[in-house]
A.B. asks: 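Submitted below is the structure of interest, expressed as structure tokens.
Any value given below was found using the heavy atoms of this structure, including those in side chains, with hydrogens, waters and symmetry copies removed. None of the values given here were measured: they were computed from a predicted structure. One is the number of the first residue; the rest follow in order along the sequence.
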Amino acid sequence: MHHPLTPAAAAAAAAAAAAHDPAGRLDDDDYPAYTTGCAAEMTGTTAGFLRSLGEHGLITPARSGGGHRRFSRRQLRIVMRARDLVDQGTAVDAACRIIILEDQLDRARRTSEQLDRSRRQHSSA
């Protein structure tokens with residue numbers, strides 16, 4: 001049975017793969033290429049907002065050799081979704097929970113669809 005990687009595990013796997021294929025980093029949504037300052041600027045947020053998302057378990061940034069947070073493009077999209085919810089008046093902790101639940105629901109739907117396809121294949125065989 002395939003288990004999806006946690007965001008931290010996905011980032012670690014992407015970093016390990018990129019070490020062997022530097023050009024592959026350009027297209028890798030999970031490669032932690034962005035510093036906190038860059039991530040905050042790109043998403044229209046602050047370093048404190050990014051830290052709060054980590055504290056609420058929404059994102060787990062990778063760490064550089066010096067211990068600095070590094071964010072992937074996938075994480076930046078999640079940050080922007082959280083920012084949009086907060087801009088609409090949702091509290092940060094609630095926004096994080098909403099996004100986590102949306103992700104869990106999406107994964108459950110994909111699993112259900114895979115099971116349905118498998119059942120159909122087995123019943124038609």
A.B. asks: The criterion is side chain to side chain donor-acceptor pair (under 3.5 Å); which residues satisfy it with R83, sequence neighbours excluded?
C.D. replies: none
A.B. asks: Listing request: all salt bridge (charged side-chain N to carboxylate O under 4.0 Å, His left out) pairs with a residue in residues 94-103, at least two apart in sequence or in separate chains.
C.D. replies: R81-E102, D103-R107
A.B. asks: How would you list, by chain and number, every residue that makes a side chain to side chain contact (heavy atoms under 4.5 Å, CB included) with A91, sequence neighbours excluded?
C.D. replies: D93, A94
A.B. asks: Rounded to the nearest 0.5 Å, how far does CD of E113 lie from OG1 of T111?
C.D. replies: 9.0 Å
A.B. asks: Sequence neighbours left out, what passes side chain to side chain contact (heavy atoms under 4.5 Å, CB included) with A82? Give chain and number order.
C.D. replies: F49, L53, L58, I99
A.B. asks: Could you walk me through whether T36 and H68 pass the side-chain contact (heavy atoms from CB on, under 4.5 Å) check?
C.D. replies: CA-CA 8 Å; T36 299; H68 300 283; over 6 Å; no
A.B. asks: Just grab all the salt bridge (charged side-chain N to carboxylate O under 4.0 Å, His left out) pairs involving residues 115-125, residues at least two apart or on different chains.
C.D. replies: D116-R119
A.B. asks: In Å, rounded to the nearest 0.5 Å, how long is the span from CZ of R73 to OH of Y34?
C.D. replies: 5.5 Å
A.B. asks: What pairs of residues pass the salt bridge (charged side-chain N to carboxylate O under 4.0 Å, His left out) test when at least one of them lies in residues 53-72, not counting sequence neighbours?
C.D. replies: none
A.B. asks: Just verifying a value: how many Å separate I59 CD1 and R74 CZ, rounded to the nearest 0.5 Å?
C.D. replies: 13.5 Å
A.B. asks: Determine which pairs satisfy side chain to side chain donor-acceptor pair (under 3.5 Å) with at least one residue from residues 39-53, sequence neighbours left out, and list them in order.
C.D. replies: T43-T45
A.B. asks: What heavy-atom pair brings D28 and D30 nearest, and what distance separates the two atoms?
C.D. replies: OD1-N, 2.8 Å
A.B. asks: With the 4.5 Å side-chain cut-off for hydrophobic clustering, are M80 and M42 part of the same group?
C.D. replies: no
A.B. asks: I100 and L85: same hydrophobic cluster, using ILVMFWY side-chain contacts below 4.5 Å?
C.D. replies: yes
A.B. asks: Would you call D29 and R77 a salt bridge, taking side-chain N to carboxylate O under 4.0 Å as the test?
C.D. replies: yes
A.B. asks: Tell me, please, which residues at least two apart from D106 pass side chain to side chain donor-acceptor pair (under 3.5 Å).
C.D. replies: R110
A.B. asks: Please tell me if the side chains of Y31 and S72 come closer than 4.5 Å, counting only heavy atoms from C-beta onward.
C.D. replies: no
